[in-house]
Amino acid sequence: MNDDYGNFVEQFKRKTGIDLLLYKEAQMKRRLTSLRDKRGYTSFSSYFEDFQDNSTLFYELLDRMTINVSEFYRNRKRWEILEKKVLTHLLKGQTRLKVWSAACSTGEEPYTLAMILQKHLPARQIEIVATDIDRNVLKRAEMGVYTDSALKELPAEMKKKHFTYEGNQMYKISDNIKKCVTFKQHNLLADQYEKNCDLIVCRNVLIYFTEPAKKYVYHRFNESLKREGVFFVGSTEQIFSPDQYNFEYFDTFFYKKVI
């Protein structure tokens, strides 16, 4: 790591509490260098100096850092397994669920969860906490307005039931779904974790973390879950030795807490 980027990493951590060393360096450096160059800076030191007083520059960088790509029902088969198998397991003997959608981006994931859960429980018995490190994407998530392309995998009956067409290929999600979800800013690598969760969903994020950072998150997620709770990961994030984190295989990309 050269001095310019190394100094930037240290300064960025002091300013934000975010440790870029916990992300895979080659990917992160390439992504941030591309944005820095696009904005006309030749060094990270000059770039950092300017975004100290420029919130637009700063939040643009944060957005680039976190790769906010999402859509409703992403990898639809996994959601079908969640509804048919995981929820059947979680609802044995209880009528309330607490779900944590970690690194939720612009809200498609927690709202998908709310739509599925409302088929099985009344809204008042559903608690979904949705978190992300990026304040800007959380603001967009709270608005609940999406392009037609974000809804392309969504079953037609859900689209009809839970969305209102706003014009210009934009759709707004219903208040009945929104009231199930609470959005909060959260850094997976620094902040306190949720407690007593029945289900944690964290998909397509941990691939950007170093191995030590991943292990830290797996252990913390396990602590956040109730016994028999389930952890749902992304399609490139299979855990090959779940037992070392006190999980066991439940289904493809789903892991159950055993201790």
Side-chain angles (χ1 to χ4, degrees), residues 9-10 12-29 31-32 58-70 74-75 78 82 98-113 127-142 181-226 229-242 244-247 253-257:
V9 168
E10 290 177 13
F12 191 76
K13 185 178 179 181
R14 281 197 294 270
K15 176 178 173 64
T16 65
I18 299 167
D19 189 352
L20 295 175
L21 293 179
L22 295 172
Y23 296 79
K24 292 177 180 174
E25 185 186 336
Q27 292 176 336
M28 183 59 69
K29 187 176 179 183
R31 201 176 300 146
L32 299 186
F58 173 68
Y59 285 116
E60 180 186 51
L61 180 141
L62 202 58
D63 194 58
R64 177 65 61 90
M65 192 195 100
T66 50
I67 306 294
N68 295 302
V69 178
S70 190
R74 188 176 183 184
N75 306 121
R78 298 297 104 208
L82 182 138
K98 179 178 179 180
V99 181
W100 181 10
S101 171
C104 69
S105 187
T106 44
E108 290 90 336
E109 179 179 277
Y111 288 140
T112 297
L113 286 161
E127 178 186 358
I128 300 172
V129 180
T131 65
D132 201 277
I133 200 169
D134 187 339
R135 207 175 299 156
N136 273 3
V137 300
L138 292 173
K139 288 177 183 173
R140 286 160 57 192
E142 287 173 334
V181 184
T182 302
F183 291 97
K184 300 178 184 176
Q185 189 175 23
H186 183 268
N187 180 351
L188 282 170
L189 298 171
D191 294 337
Q192 198 166 25
Y193 275 45
E194 291 293 320
K195 297 188 183 301
N196 298 314
C197 298
D198 297 287
L199 171 68
I200 294 175
V201 184
C202 185
R203 305 170 76 213
N204 309 305
V205 176
L206 297 179
I207 49 170
Y208 301 109
F209 288 7
T210 62
E211 284 306 310
K214 271 192 230 180
K215 289 177 180 177
Y216 169 80
V217 172
Y218 291 151
H219 282 298
R220 296 298 308 277
F221 277 153
N222 182 274
E223 292 168 3
S224 292
L225 284 165
K226 295 177 185 174
V230 174
F231 176 32
F232 179 17
V233 303
S235 56
T236 58
E237 297 171 325
Q238 189 169 353
I239 305 174
F240 293 103
S241 301
Q244 67 179 301
Y245 311 110
N246 298 318
F247 287 113
F253 310 120
F254 292 93
Y255 301 89
K256 183 175 72 173
K257 175 174 176 170

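Note that the numbering runs from 1 along the sequence shown for the chain.
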Next on the checklist: Is the ring pair Phe254/Phe232 parallel, tilted or perpendicular, if the boundaries are 30 and 60 degrees?
Outcome noted: parallel
Next on the checklist: How about NZ on Lys214, more than 12 heavy atoms from neighbouring residues, nucleotides or ligands closer than 6.0 Å, or not?
Outcome noted: yes
Checklist entry - Is the charged tip of Lys15 near the ring of Phe58: under 6.0 Å from the six-membered ring centre and within 45° of its axis? => result yes
Checklist entry - Which atom pair, heavy atoms only, marks the closest approach of Leu188 to Val217? => result O-CG2, 4.3 Å
Checklist entry - Tyr245 and His219: side chain to side chain contact (heavy atoms under 4.5 Å, CB included), yes or no, with the steps? => result CA-CA 6 Å; Tyr245 311 110; His219 282 298; 3.6 Å; yes
Item to check | Pair listing, salt bridge (charged side-chain N to carboxylate O under 4.0 Å, His left out) test, anchored in residues 217-226, at least two apart | outcome: Asp198-Lys226, Arg220-Glu223
Checklist outcome for this item: When every non-hydrogen atom of Asp132 is compared with those of Ser105, the smallest separation belongs to OD2-N, 2.9 Å
Item to check | Donor-acceptor contact present, side-chain Tyr255 to main-chain Ile239, <3.5 Å | outcome: yes
Item to check | Distance-minimising heavy-atom pair for Arg74 and Asn204 | outcome: NH1-ND2, 3.6 Å
Checklist entry - Roughly how far apart are Phe12 CZ and Ile18 CD1, rounded to 0.5 Å? => result 4.5 Å
Next on the checklist: In the structure I gave you, are the side-chain heavy atoms of Leu225 and Ile200 within less than 4.5 Å of one another anywhere?
Outcome noted: yes
Next on the checklist: I need the Leu189 CG to Lys13 NZ distance, nearest 0.5 Å.
Outcome noted: 10.0 Å
Checklist entry - Should the pair Tyr193 and His186 be assigned to parallel (<30°), tilted (30 to 60°) or perpendicular (>60°) ring geometry? => result perpendicular
Checklist entry - Can you tell me if Lys257 uses its side chain to pair, donor with acceptor, with the backbone of Asn222 under 3.5 Å? => result yes
Checklist entry - To the nearest 0.5 Å, how far apart are CG in Leu22 and OG1 in Thr210? => result 5.5 Å
Checklist outcome for this item: Here the gap from Phe221 atom CZ to Tyr216 atom OH, rounded to the nearest 0.5 Å, amounts to 10.5 Å
Item to check | Verdict with reasoning, Lys256 to Phe247, per side chain to side chain contact (heavy atoms under 4.5 Å, CB included) | outcome: CA-CA 5 Å; Lys256 183 175 72 173; Phe247 287 113; 5.9 Å; no
Checklist outcome for this item: In short, Arg203 meets Val233 closest at the heavy-atom pair CG-C, 3.7 Å
Item to check | Chi angles and distances behind the side chain to side chain contact (heavy atoms under 4.5 Å, CB included) call for Leu82, Leu199 | outcome: CA-CA 10 Å; Leu82 182 138; Leu199 171 68; 3.9 Å; yes
Next on the checklist: List the residues meeting salt bridge (charged side-chain N to carboxylate O under 4.0 Å, His left out) with Glu194, not counting sequence neighbours, and say none if there are none.
Outcome noted: Lys98, Lys184
Next on the checklist: Would you say Trp100 and Thr131 are linked by a side-chain donor-acceptor pair, where the criterion is simply a distance under 3.5 Å?
Outcome noted: yes
Checklist entry - For Cys104 and Leu138, which heavy atoms make the closest approach, and how far apart are they? => result SG-CD2, 3.8 Å
Item to check | Shortest non-hydrogen separation from Leu206 to Cys202 and the atoms involved | outcome: CG-SG, 4.4 Å
Next on the checklist: How long is the straight-line distance from CG of Asn75 back to CZ of Phe253, given to the nearest 0.5 Å?
Outcome noted: 8.0 Å
Next on the checklist: For Ser235 and Glu237, which I'm curious about, is there any donor-acceptor pair between the side chains at under 3.5 Å?
Outcome noted: no
Checklist entry - Does NZ or CZ of Arg135 fall inside the cone over Phe183's six-membered ring, less than 6.0 Å from its centre and within 45° of the axis? => result no
Checklist entry - Is there a donor-acceptor pair closer than 3.5 Å between any side-chain N or O of Tyr111 and the backbone N or O of Val181? => result no
Checklist outcome for this item: One should read off an interatomic distance between Ser101 OG and Ile128 CD1, to the nearest 0.5 angstrom, of 8.0 Å
